[in-house]
Amino acid sequence: MTREYTLGTYKYRCTNDINNLDKLPDQLKIENISACGVLLQLMMGGITILDHHSEILSIPNINFTKLPYEIQENFTYDQFNDVLNTNILDQTCCRICNKFFIQDKRNNYVYEHILNELTQFFVINHLSSCEGFVHLYRTLEFISYSFPLIYASKSKDYRGTYNSLKKFLNGDGGGELNFFKKFLTELFKDDISYQFLFEVYVDSDHITELKKEFEEIFKTDIFTFEEHTLTFKFKNVIELFIEIRNRYFHMLLGQGRNNFLNIEYNKSDLFRSLNPIFINWLVIIFIKIIQHSLESSDL
């Protein structure tokens with residue numbers, strides 16, 4: 001019996017703590033698991049990433065399914081219950097979870113690509129936080145269309161599904177990311193986590209230069225930046241995420257826009273500080289999709 005999940009050039013092995021939870025639904029055990037299940041456990045801090053030679057590449061021991069994220073020391077059934085918003089030790093709930101993860105394999109294409117991008121983030125981020133950011137942004141662009149469709153497809157009401165999609169699409173265009181912004185307000189409309197306040201310590205030896213350029217680029221009130229601490233709400237992460245990408249990876253001067261051009265500090269300081277917040281934010285959205293899918297599916 002295999003004790004690893006393989007995707008492309010990577011292998012995924014559960015920690016002993018998770019392997020010892022023998023009452024987990026069968027579809028969350030490594031021998032039966034789908035890409036969605038691996039992604040779930042990876043984001044809970046319970047998966048070791050290996051290359052195709054079975055050499056360890058990364059052991060992310062951080063639970064990104066929590067706000068704020070936290071170090072993961074051991075696993076309990078209650079942690080899975082919190083993430084899935086159910087009681088997996090209850091026989092009926094366990095059956096529902098199994099059936100859901102079997103049915104959700106039709107979305108394997110989506111979850112395999114997300115798993116691959118976030119795997120590459122974990123493998124490279126400690127070496128190059130800028131490259132790590134690229135994989136997080138690729139994840140954002142990938143989910144910006146796929147997650148709203150998964151959300152709408154789980155509705156039992158076809159008219160409701162149509163109205164949901166129309167609501168997300170309504171407006172003056174702006175592409176998939178604008179579509180995604182509208183979707184997030186719907187997804188978190190009754191969730192207090194949408195107002196959660198991130199407080200990020202920006203570790204830099206040249207914080208004065210970094211802070212000055214950041215404030216010149218983001219002339220907005222969606223954040224505060226006091227000394228080394230950058231503060232902003234969960235709902236505003238997408239604006240920071242997109243604008244950092246636009247202003248760092250573009251160098252055009254003729255448009256009269258401020259870009260990241262200051263050479264007096266290391267840009268990696270900014271990416272290294274913010275990347276954990278960006279992945280935390282992405283994972284909370286992923287968990288909301290899973291919870292909605294479990295609650296809405298006809299199982």
Side-chain angles (χ1 to χ4, degrees), residues 4-5 7-8 10-19 21 24-25 27-30 33-50 56-86 88 97 100-101 104 107-108 110-126 132-133 135-140 142-144 146-147 150-151 184 187-188 191 193 196 198 234 237 241 274-294:
E4 295 175 348
Y5 175 88
L7 178 66
Y10 297 107
K11 294 181 179 180
Y12 303 84
R13 182 182 299 161
C14 289
T15 66
N16 287 333
D17 282 347
I18 289 184
N19 283 328
L21 299 181
L24 280 177
Q27 294 301 312
L28 287 177
K29 295 176 181 177
I30 197 70
I33 206 164
S34 65
C36 181
V38 175
L39 183 60
L40 180 73
Q41 294 185 25
L42 177 63
M43 294 306 111
M44 291 176 69
I47 295 288
T48 297
I49 302 170
L50 309 99
I56 294 176
L57 298 175
S58 180
I59 309 176
N61 64 334
I62 299 175
N63 186 352
F64 287 105
T65 69
K66 296 282 190 180
L67 272 179
Y69 64 87
E70 58 187 34
I71 299 296
Q72 184 62 57
E73 295 181 351
N74 52 58
F75 290 87
T76 67
Y77 291 111
D78 285 342
Q79 289 169 304
F80 280 88
N81 290 341
D82 289 342
V83 171
L84 298 174
N85 198 26
T86 190
I88 57 176
C97 282
F100 163 73
F101 281 106
D104 203 51
N107 293 316
N108 261 355
V110 172
Y111 292 119
E112 285 178 351
H113 280 272
I114 298 172
L115 177 58
N116 180 260
E117 291 298 334
L118 295 184
T119 296
Q120 293 185 75
F121 165 79
F122 285 121
V123 170
I124 199 62
N125 188 60
H126 69 289
F133 175 85
H135 291 295
L136 295 181
Y137 197 84
R138 281 168 60 86
T139 303
L140 170 61
F142 192 80
I143 70 173
S144 66
S146 59
F147 273 12
I150 291 174
Y151 175 89
L184 290 180
L187 184 66
F188 287 93
D191 193 329
S193 61
F196 178 82
F198 286 109
F234 183 98
V237 171
F241 210 157
L274 284 175
N275 280 355
I277 303 303
F278 290 142
I279 190 171
N280 195 188
W281 180 80
L282 289 166
V283 172
I284 296 301
I285 296 169
F286 163 64
I287 295 303
K288 286 287 288 185
I289 293 295
I290 297 301
Q291 290 177 349
H292 170 76
S293 299
L294 269 168

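When reading the values below, keep in mind they use all heavy atoms of this one structure, side chains included, and skip hydrogens, waters and symmetry mates. The first residue in the sequence is number 1, and the count goes up from there. Everything quoted here is computed from the prediction, not taken from an experiment.
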Any side-chain heavy atom of [X] sitting closer than 4.5 Å to one from [Y]?
X: Phe278; Y: Tyr137; result: no
X: Phe121; Y: Asn275; result: yes
X: His135; Y: Leu118; result: no
X: Leu84; Y: Leu40; result: yes
X: Leu184; Y: Trp281; result: yes
X: Pro60; Y: Ile47; result: no
X: Ile114; Y: Leu39; result: yes
X: Thr86; Y: Phe80; result: no

What are the two closest heavy atoms between [X] and [Y], and how far apart are they?
X: Phe122; Y: Met43; result: CE1-CE, 3.4 Å
X: Gly37; Y: Leu28; result: CA-CD2, 4.2 Å
X: Cys36; Y: Ile290; result: SG-CD1, 3.4 Å
X: Gln79; Y: Thr76; result: OE1-N, 2.6 Å
X: Asn125; Y: Gly132; result: OD1-CA, 3.9 Å
X: Asn108; Y: Ala35; result: OD1-N, 3.9 Å

I'd like to know if the side chain of [X] and the backbone of [Y] have a donor-acceptor N/O pair within less than 3.5 Å.
X: Asn280; Y: Leu67; answer: no
X: Glu70; Y: Thr65; answer: no
X: Gln72; Y: Asn74; answer: yes

At what distance, to the nearest 0.5 angstrom, does [atom1] of [X] lie from [atom2] of [Y]?
X: Ile284; Y: Phe234; atom1: CD1; atom2: CZ; result: 6.0 Å
X: Leu140; Y: Ile285; atom1: CG; atom2: CD1; result: 7.5 Å
X: Arg13; Y: Leu50; atom1: CZ; atom2: CG; result: 4.5 Å
X: Ile124; Y: Phe133; atom1: CD1; atom2: CZ; result: 15.5 Å
X: Ile30; Y: Ile18; atom1: CD1; atom2: CD1; result: 8.5 Å
X: Tyr151; Y: Ser146; atom1: OH; atom2: OG; result: 15.0 Å

Say whether Glu112 and Asn116, considering side chains only, have a donor N or O and an acceptor N or O under 3.5 Å apart. no
Do you see a donor-acceptor pair shorter than 3.5 Å between the side chains of Thr15 and Asp17? no
Please walk me through it: do Thr48 and Lys11 pass side-chain contact (heavy atoms from CB on, under 4.5 Å)? CA-CA 8 Å; Thr48 297; Lys11 294 181 179 180; over 6 Å; no
Does the plane of the ring in Phe196 sit parallel, tilted or perpendicular to the ring in Phe198? Use 30° and 60° as the thresholds. perpendicular
Set of side chain to side chain contact (heavy atoms under 4.5 Å, CB included) partners for [X], sequence neighbours left out:
X: Asn107; answer: Asp104, Tyr111, Ile150
X: Asn61; answer: Ile71
X: Lys288; answer: Leu187, Phe188, Asp191, Gln291

Counterpart residues, ring-ring contact (aromatic ring centres under 6.0 Å, His included), relative to [X] (two or more places apart):
X: His113; result: Tyr109, Phe142
X: Phe101; result: none
X: Phe64; result: Tyr69

Going through the distances and angles, do Cys97 and Gln27 end up as a side-chain contact (heavy atoms from CB on, under 4.5 Å)? CA-CA 8 Å; Cys97 282; Gln27 294 301 312; over 6 Å; no
What verdict does the side-chain contact (heavy atoms from CB on, under 4.5 Å) test give for Leu115 and Val38, after you've listed the backbone C-alpha separation in whole Å, the side-chain angles of each residue and the deciding distance to 0.1 Å? CA-CA 8 Å; Leu115 177 58; Val38 175; 3.9 Å; yes
Criterion side-chain contact (heavy atoms from CB on, under 4.5 Å) on Leu42 and Thr119, from CA distance to verdict: CA-CA 9 Å; Leu42 177 63; Thr119 296; 4.3 Å; yes
Tyr5 vs Ser34, side-chain hydrogen bond (donor to acceptor under 3.5 Å, both in side chains): CA-CA, chis, key distance, verdict: CA-CA 8 Å; Tyr5 175 88; Ser34 65; over 6 Å; no
